[in-house]
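Counting convention: from 1, in listed order, for ligands and their atoms alike.
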Amino acid sequence: MIDIHAHILPGADDGAQTLTESMELIMQAKKEGITDIIATSHADNPHYDVTKNVVLEKIELLNIEMKRNNLSINIHSGQEIRIGQSTIEKLKNGELLTLANSKYILIELPTGGIPAYSVQIIQDILKLGKVPIIAHPERNRAIAENPNRLLKLINHGALAQITAGSLAGHFGKTIQKQSLQLVDANLVHTYGSDVHNTKTRPFLFDSGLRYLEKYKRLDAVDIFLENNARIVENGEVIILEPKELEKPKWWKIFA
Ligand code: FE
């Protein structure tokens, strides 16, 4: 299994702080049956901006440490890119990392909302022959208020990645329930842990998949894992026709 979203690089951002912590995460990943991890440190985030070269250097460091400890897991390069005015310029200049050198890039919206320029950026990314994947839409407040805001971005050609912990209930019942709604509306295409540490933000990779299995969303499990594999292979991902979601009840009341 492949995890396409993880903060495992040592001392890069708010993920693993030391090489020891990175190694603990890798051991946890192995226990969960993960064979490949795309290291997606924060880039252009107001708090963290881990550059391409730093990501590549730290992956090298981790590879050496794994070899020393007789541990093996495939680490691929990537970044979780907060979109902004400089995203397109940086992408054109080759300053940003795609997921495992594929055409797919992991983008992050601010937690509070969807900036007005989001659609334009999505379109510009697509014009460059790259495919934007929106990280954890289920944790964005504007999407929580009205999930059809995500539908709009998907209709413009973006894809979305759901976080394992959201489905596992790590972020509460509301996010868990809404995550399932996004899955059912075909608004999610890929699956990632967004792991930061072993204690408060663990992988929960298996728990999230088990939740989907418990509620008989077996097709979703298959598609997510297949799409994750296709991203690493730079293949075409499976996309099901997205559906409009019923607006939340408060919307009906005030409409
Ligand atoms: Fe993240």
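- R217 CZ: more than 12 foreign heavy atoms inside a 6.0 Å radius.
- Distances from the Fe ion (ligand 1) to the N/O/S atoms of H7 are shortest for NE2.
- By the 6.0 Å contact criterion, OH on Y215 is open, its count of non-hydrogen atoms from other residues, nucleotides or ligands being 12 or less.
- K31 and D206 are not joined by a salt bridge, as no carboxylate oxygen comes within less than 4.0 angstrom of a charged side-chain nitrogen.
- Atom NZ of K177 has 12 or fewer heavy atoms from other residues, nucleotides or ligands within 6.0 Å.
- Distances from the Fe ion (ligand 1) to each N, O or S atom of D194 single out OD1 as the nearest.
- In this structure, NE2 of H5 and OE1 of E80 enclose an angle of 90° at the Fe ion (ligand 1), rounded to 10°.
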